Trainee: 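Structure in structure tokens, see below.
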Amino acid sequence: MQRRQFLKVGMLGAAVGLTGASALWLSQGNDPTQLNIAALLAKLNKLTMLSTEQLAGLSTGKWNSAEVFTHCAQSVEFSMSGFPEHKSALFKQTVGALAFTVFATKGAMSHNLAEPIPAAPELDRSVDVNQALARLIQSLKDFQQYKTDLAPHFAYGELNKADYELAHVLHFYNHQQNFNLMS
């Protein structure tokens with residue numbers, strides 16, 4: 001085989017491999033019927049039936065359950081009021097926009113589950129877990145009713161309401177990976 005043919009075959013094989021791997025990765029997202037706030041609220045409302053001890057023991061990650069609920073509520077609230085700090089415009093227009101497109105296409109998000117929102121108030125480990133869950137539920141209900149322009153996302157930039165809804169749902173579902181009791 002000549003060098004040129006070898007390179008072409010090699011590049012084609014790599015492209016097919018990457019395409020196959022990408023298709024497999026993209027096929028491993030969440031159930032599309034669950035990618036809306038109504039479905040998320042139904043899951044969260046089921047959590048209100050748990051005892052305080054069960055609710056507090058859900059998170060197996062670095063953050064406790066109350067911190068996770070608070071962090072997710074902050075994100076929803078900031079989408080309406082404005083994020084305290086942003087990545088650069090270049091980042092939002094390139095890496096951020098690409099990341100959101102990939103997450104939206106896959107129907108699943110992947111991010112550091114112990115990284116706070118830049119410049120957000122520090123998470124308090126001692127917050128009552130029931131209050132933190134109630135805050136998250138209320139923030140999602142407020143978001144559903146919100147009619148004014150939404151604030152740009154600190155990493156993804158400008159999102160319309162449908163995209164923000166998807167981002168909020170995917171964000172919580174990503175954190176749910178550290179929960180030992182949710183389906």
Side-chain angles (χ1 to χ4, degrees), residues 25-83 96 99-117 120-121 123-124 127-183:
W25 182 78
L26 287 171
S27 71
Q28 297 172 339
N30 291 296
D31 176 359
T33 65
Q34 299 300 302
L35 298 181
N36 58 70
I37 288 179
L40 177 54
L41 284 170
K43 286 181 182 247
L44 295 174
N45 284 323
K46 287 180 185 176
L47 292 182
T48 65
M49 306 297 185
L50 297 177
S51 71
T52 299
E53 294 76 25
Q54 289 173 313
L55 195 55
L58 282 177
S59 180
T60 60
K62 180 178 176 184
W63 289 345
N64 67 29
S65 301
E67 289 172 301
V68 171
F69 297 144
T70 301
H71 168 75
C72 290
Q74 285 176 334
S75 182
V76 176
E77 293 161 356
F78 289 146
S79 71
M80 295 177 280
S81 66
F83 285 85
F100 180 75
T101 300
V102 169
F103 297 154
T105 301
K106 181 178 180 180
M109 182 180 287
S110 178
H111 75 296
N112 180 342
L113 299 179
E115 184 175 0
I117 297 167
L123 300 174
D124 181 353
V127 166
D128 178 81
V129 68
N130 293 296
Q131 289 177 344
L133 177 57
R135 178 180 174 184
L136 175 56
I137 291 169
Q138 188 59 55
S139 71
L140 291 165
K141 289 178 179 179
D142 291 346
F143 180 84
Q144 284 181 310
Q145 301 302 314
Y146 196 75
K147 303 289 185 218
T148 317
D149 290 339
L150 293 162
H153 188 273
F154 78 94
Y156 306 143
E158 298 290 335
L159 296 178
N160 63 34
K161 189 153 186 183
D163 286 342
Y164 247 129
E165 177 174 0
L166 181 60
H168 293 321
V169 171
L170 294 178
H171 184 217
F172 181 78
Y173 288 168
N174 188 199
H175 280 282
Q176 169 185 299
Q177 293 172 6
N178 276 346
F179 281 16
N180 63 15
L181 203 186
M182 287 187 65
S183 58

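Being a predicted model, the structure only gives us computed values, none of them experimental.
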Trainee: For the residue pair Tyr146 and Thr148, what are the closest heavy atoms and their distance?
Mentor: CE2-O, 3.1 Å

Trainee: What closest approach, in Å, do Ser75 and His168 show between heavy atoms, and which atom pair accounts for it?
Mentor: O-CE1, 3.5 Å

Trainee: Tell me whether the rings of Phe154 and Phe83 are parallel (<30°), tilted (30 to 60°) or perpendicular (>60°).
Mentor: tilted

Trainee: Do any pairs count as a side chain to side chain donor-acceptor pair (under 3.5 Å) and have a residue in residues 131-144, sequence neighbours left out, and if so which ones?
Mentor: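 Qualifying pairs: Glu77-Arg135, Gln138-Asp142.
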
Trainee: Closest approach of Ala132 and Ala66, non-hydrogen atoms and distance?
Mentor: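 Taking every non-hydrogen atom into account, CB-O, 3.5 Å.
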
Trainee: Out of curiosity, Glu165 CD to Leu140 CG, how far, rounded to the nearest 0.5 Å?
Mentor: 9.0 Å

Trainee: Counting distance only, does the side-chain N/O of Tyr156 pair as donor-acceptor with the main-chain N or O of Ala167 below 3.5 Å?
Mentor: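 Side chain of Tyr156 to backbone of Ala167, a donor-acceptor pair under 3.5 Å: no, none is there.
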
Trainee: Mind jotting down which residue pairs meet the ring-ring contact (aromatic ring centres under 6.0 Å, His included) criterion with at least one end in residues 37-62? Sequence neighbours excluded, please.
Mentor: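 Of all non-adjacent pairs touching residues 37-62, none passes ring-ring contact (aromatic ring centres under 6.0 Å, His included).
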
Trainee: Check whether any side-chain heavy atom of Lys43 lies under 4.5 Å from a side-chain heavy atom of Tyr173, and answer yes or no.
Mentor: yes

Trainee: Between Tyr164 and Ser79 (side chain of the first, backbone of the second, donor and acceptor by atom type, cut-off under 3.5 Å), is there such a pair?
Mentor: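 Judged by distance alone, no pair lies under 3.5 Å.
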
Trainee: Mind checking what makes side-chain contact (heavy atoms from CB on, under 4.5 Å) contact with Ala38, not counting sequence neighbours?
Mentor: Asn36

Trainee: Among Asn130, Ile137, Val127, Leu136, find the residue that satisfies the side-chain contact (heavy atoms from CB on, under 4.5 Å) test when tested with Phe69.
Mentor: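 Output: one option passes, namely Leu136.
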
Trainee: Could I get the full list of side chain to side chain donor-acceptor pair (under 3.5 Å) partners for Asn178, not counting sequence neighbours?
Mentor: none

Trainee: Can you check whether Leu113's main-chain N or O pairs, donor with acceptor, with Asn174's side chain at less than 3.5 Å?
Mentor: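 Looks like no, no N/O pair under 3.5 Å.
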
Trainee: Minimum heavy-atom separation for Phe100 and Asp163, please, with both atom names.
Mentor: CZ-O, 3.5 Å

Trainee: Which pair of heavy atoms, one from His171 and one from His71, lies closest together, and at what distance?
Mentor: NE2-NE2, 3.0 Å

Trainee: What do you reckon, is CG of Asn160 surrounded by more than 12 foreign heavy atoms closer than 6.0 Å?
Mentor: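 Correct, the count exceeds 12.
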
Trainee: Looking at residues at least two apart in the chain, or sitting in another chain, which of them share a side-chain contact (heavy atoms from CB on, under 4.5 Å) with Pro121?
Mentor: Gln74, Phe78

Trainee: Judged by atom type as modelled, is there a donor-acceptor pair below 3.5 Å linking the side chain of Lys161 to the main-chain atoms of Lys147?
Mentor: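 A pair under 3.5 Å: no.
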
Trainee: So, Asn45 side chain and Leu41 main chain: donor-acceptor pair closer than 3.5 Å or not?
Mentor: yes

Trainee: Just how far is it from atom CG of Leu40 to atom CD of Gln34, taken to the nearest 0.5 Å?
Mentor: 9.5 Å

Trainee: Tell me, which pairs form a side chain to side chain donor-acceptor pair (under 3.5 Å) where one or both residues lie in residues 55-65, sequence neighbours left out?
Mentor: none

Trainee: Can you confirm whether Leu58 sits close enough to Leu47 that some side-chain heavy atom of one is under 4.5 Å from a side-chain heavy atom of the other?
Mentor: yes

Trainee: About how many Å separate CG of Leu133 and SG of Cys72, when rounded to the nearest 0.5 Å?
Mentor: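 Output value for this atom pair is 11.0 Å.
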
Trainee: What heavy-atom pair brings Ile37 and Val169 nearest, and what distance separates the two atoms?
Mentor: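 Taking every non-hydrogen atom into account, N-CG2, 3.7 Å.
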
